[in-house]
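The next block holds one structure in the form of C-alpha cells; read it before the comments.
Numbered from 1 within each chain, the chains take letters A, B, ... in sequence-line order. Because the structure is a prediction, the values reported are computed rather than measured. Note that these values count all heavy atoms, side chains included, but never hydrogens, waters or copies made by symmetry.
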Amino acid sequence: MKTKEFLFKYITLAAASLSILFLMGIILSIFKEGIPLFSNIDFSDFVFGRRWHPTDDPADLGIFPLITGSIFVTLGALLVGVPLGVGSAIYLSEIASTNVREALKPFIEILAGIPSVIYGLFGMAMLAPLVRKLFNVPTGLNIFSASIILGIMIIPIISSLSEDALRAVSKELREASLALGANRIETIFKVVLPAASSGVISSIILGFGRAIGETMVVLMVSGGAAMLPKSIFSPVRPMTSAIASEMGEAVNGSEHFQALYGIAIVLFLITFLSSLLMQWFAARENR
Amino acid sequence: MKKILSMLLSLTLFAGFLFAGDITMSGSTTVFPIAQLAAERFMDKNPDISVSVRGGGSGVGISDIILGRVDIGNASRQIKNKEIKQAKENGINVIETAVANDGIAIVVNLSNGISELTLEQVKMIFTGELNNWKQLGGKSMPIVAISRDVSSGTFEVFKELVLKGGKVREDALLLASNNAVASNVAETPGAIGYVGFGFLSDKVKALNIDKVVPSEKTVNDGTYKIARKLYMYTNGAPKGEVKSFIDYILSDEGQAIVKETGYIPLK
C-alpha cells in the first residue's frame, strides 16, 4: 500500500512538472532561434521598423505594422466580446432563473468548442462580403470583420469566467444593498460588479490573450496586408498570421526564419505579461 | 494488454510496408492542379504506388526539398542561387525538371470596364502609384490590389517581370493561394490580382497586356511577356518511383494533363 501511494504521488508530481518542462522548452527554443537575429539588426529597428518585406534582397524586417495589426484586431475583438461576454454573465448570474440559465449555458459552451477554422470560414465566406457591401468599402477582409469574429470567439471565455466571479459575490452583500433601498440594477452595477471586478478583469485579460494569439481566423479574415491601418476597414497582417503563412517557406537558420522567431518572442512577451497581469488580479480577488 | 500491443506493433509494421512505394510532393499552388491530376492518373496505372501532393507555395516546395522532407518540390519559379547553396550545405543536390509552360494572367472583376493595361500601368498599380480605376479611364472606384504571400513562386515571378525591382504596395492583400486570389477578385468589384493560367475561369476577366491577349499562342511566341516555366525539383536525378512519375508527366499523356488543367505543354 505504501509503495502504491508513493508511486502515485510521484507519477502525479511528474505530470504536474511536465508543463513547467514544456514551458521552459518552448521559451528556450524560441529565444534560441530568434536571438541571433539581433546581432544583425537592432531590436528597436525590428519592433519599430515600418516595412515588412522579408524576402526582398536586402530584406526589410520591421514588424511595427504586424504589431499594430495584432493590437487593432484584438482591441476590436474586446469591443465586441466584453459587452456581450460580461452582459451575458450578468444575465446568467443575476437575472436569469435557474431553468433559463441551465438552458442557455450549453449554447455558450458550444460556442467555445467550435474550431477556429470554422469561425474563419464563416468570416471569409459570409461576413466579409456582407461588410464590403454594407459599408461600401473596397474589401471585406479587414480589421472590422476580423474583430467581429474574434469578439464572438472570446464571448464564452469572458462570459463563463465573469459569471463565476459574479456568483462568488456573497449573498449578504446583495441583500444588504437591496435592504438599503437600491433596486436590482443599482445593486448589480454599484455592488456586485465592483465586488467581482478582479475576476471580471482577469476574464477580459484572458480573452485578450486568446484574441491576440488566435491565428487561423486572422489568417483567413484580416486580409494580410502588412500596413499601418488607416481606418477600421484597412486590411492588416497580425503577427500570428505572418508567422503561420511564412514559416513553411523560411529555411532553417535564414534571416527570415530568425525574424519569424523574433515575432514569436514579441508575441510571447505580450501574452506572458498579460497572464502575469491576470494572475495578479486573480490573486487580488482571493484576498 | 500484451495482445493489443503486439497488434498495434504489427499494424504499424504493416503500414510501413503499405507505404513503401510512396512519393511525396509539396509546393507551388500553381503546379498543384497538374501534380494532383497527374498523381491520380498515375496511381490508377500503378496501384502499388501512392502519391501525395500538398500545396504551400513554391517557397515551401523548395525549402522542403532543401531539408529533405519530400521527394519532389514543386515550384513556379526557378530555384535561387542562395537556395542551391543551402541545399548543398545539407548535402542535397537539387535537380530541376521543367514540366510545363505557364503565363501569369492579370485578372480583374467581371464588372470592371477595363480590359487592357500596359505592363507599366500594372506595375504602377501594384507599387501604389495608381489608386483609383478612374486614373486608368475606368469608373471611380478604389483599386484593391491582391497579391500573394511571400512563399509564392507566382509572386516572385510577378515581382521580377512586372515590378522590376519595385516593392508591392503596403495595402495589397496578401493571400495564400492562386485560388484565393481568383475567388477574391471574382467577388470584389475594385480588385486586381494575378494568377497562373490554370486558374482562369469565366468568373474573372484576364486583361490584355500591352495589347497582347494572354494565351498559349502568345506565351509560346514570346509576345506575352509575363510567362515562366513550372518546375519539379528532386534530390539528385530522379530514380525509382519518382523517375517513373516525372517521366509520366513529361510523356504525351502527362502533357495532355498539363493542357487539360489550363497550362501550356512543353513543346
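- B/D102 has no carboxylate O lying under 4.0 Å from a charged side-chain N of B/K229, or vice versa, which leaves the two without a salt bridge.
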task = Decide yes or no on salt bridge (Lys or Arg N to Asp or Glu O under 4.0 Å) for B/K205 and B/E116, but give the supporting numbers first.
result = CA-CA 10 Å; B/K205 177 157 72 176; B/E116 62 174 43; over 6 Å; no
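- In summary, the side chains of B/S28 and B/R77 do not present any donor paired with an acceptor at a separation below 3.5 Å, with no hydrogens or angles considered.
- A 4.5 Å side-chain heavy-atom check between A/R237 and A/S222 finds every atom pair outside the cut-off.
- The part of B/A172 that comes within reach of chain A is its backbone (N, CA, C, O), which places non-hydrogen atoms under 4.5 angstrom from that chain.
- Within the 4.5 angstrom heavy-atom criterion, no atom of B/E83 approaches chain A.
- No side-chain donor from either of B/S152 and B/D149 sits under 3.5 Å from a side-chain acceptor of the other.
- In terms of heavy-atom pairs under 4.5 Å with chain A, the best-connected choice from B/V60, B/I62, B/V168, B/D64 is B/V60.
- When heavy atoms are compared at a cutoff of 4.5 Å, B/N184 approaches chain A solely by way of its side chain, counted from C-beta outward.
- Judged by distance alone, with hydrogens and angles left aside, the side-chain atoms of B/R169 form no donor-acceptor pair with the main-chain N or O of B/E129 at under 3.5 Å.
- Contact annotation for B/Q86: only side-chain heavy atoms (C-beta onward) come within less than 4.5 Å of a heavy atom of chain A.
- Between B/F126 and B/Y194, the ring center distance clears the sub-6.0 Å criterion.
- With chain A as partner, the option from B/L67, B/I146, B/D171 having the largest number of non-hydrogen pairs under 4.5 angstrom is B/D171.
- If you measure heavy-atom distances from A/P54 to chain B, the contacts under 4.5 Å come from the side chain alone.
- Residue A/N142: no heavy atom, backbone or side chain, is found under 4.5 Å from chain B.
- Taken to the nearest 0.5 Å, the CZ atom of A/F268 stands 6.0 Å off from the CZ atom of A/F31.
- Neither the backbone nor the side chain of B/R148 has a heavy atom closer than 4.5 Å to any heavy atom of chain A.
- B/K82 does not touch chain A: none of its heavy atoms, backbone or side chain, sits under 4.5 Å away.
- Among A/G223, A/S254, A/P235, the residue making the largest number of heavy-atom pairs under 4.5 Å with chain B is A/G223.
- Interface remark: A/P129 contributes side-chain atoms only to the contact with chain B (heavy atom separation under 4.5 Å).
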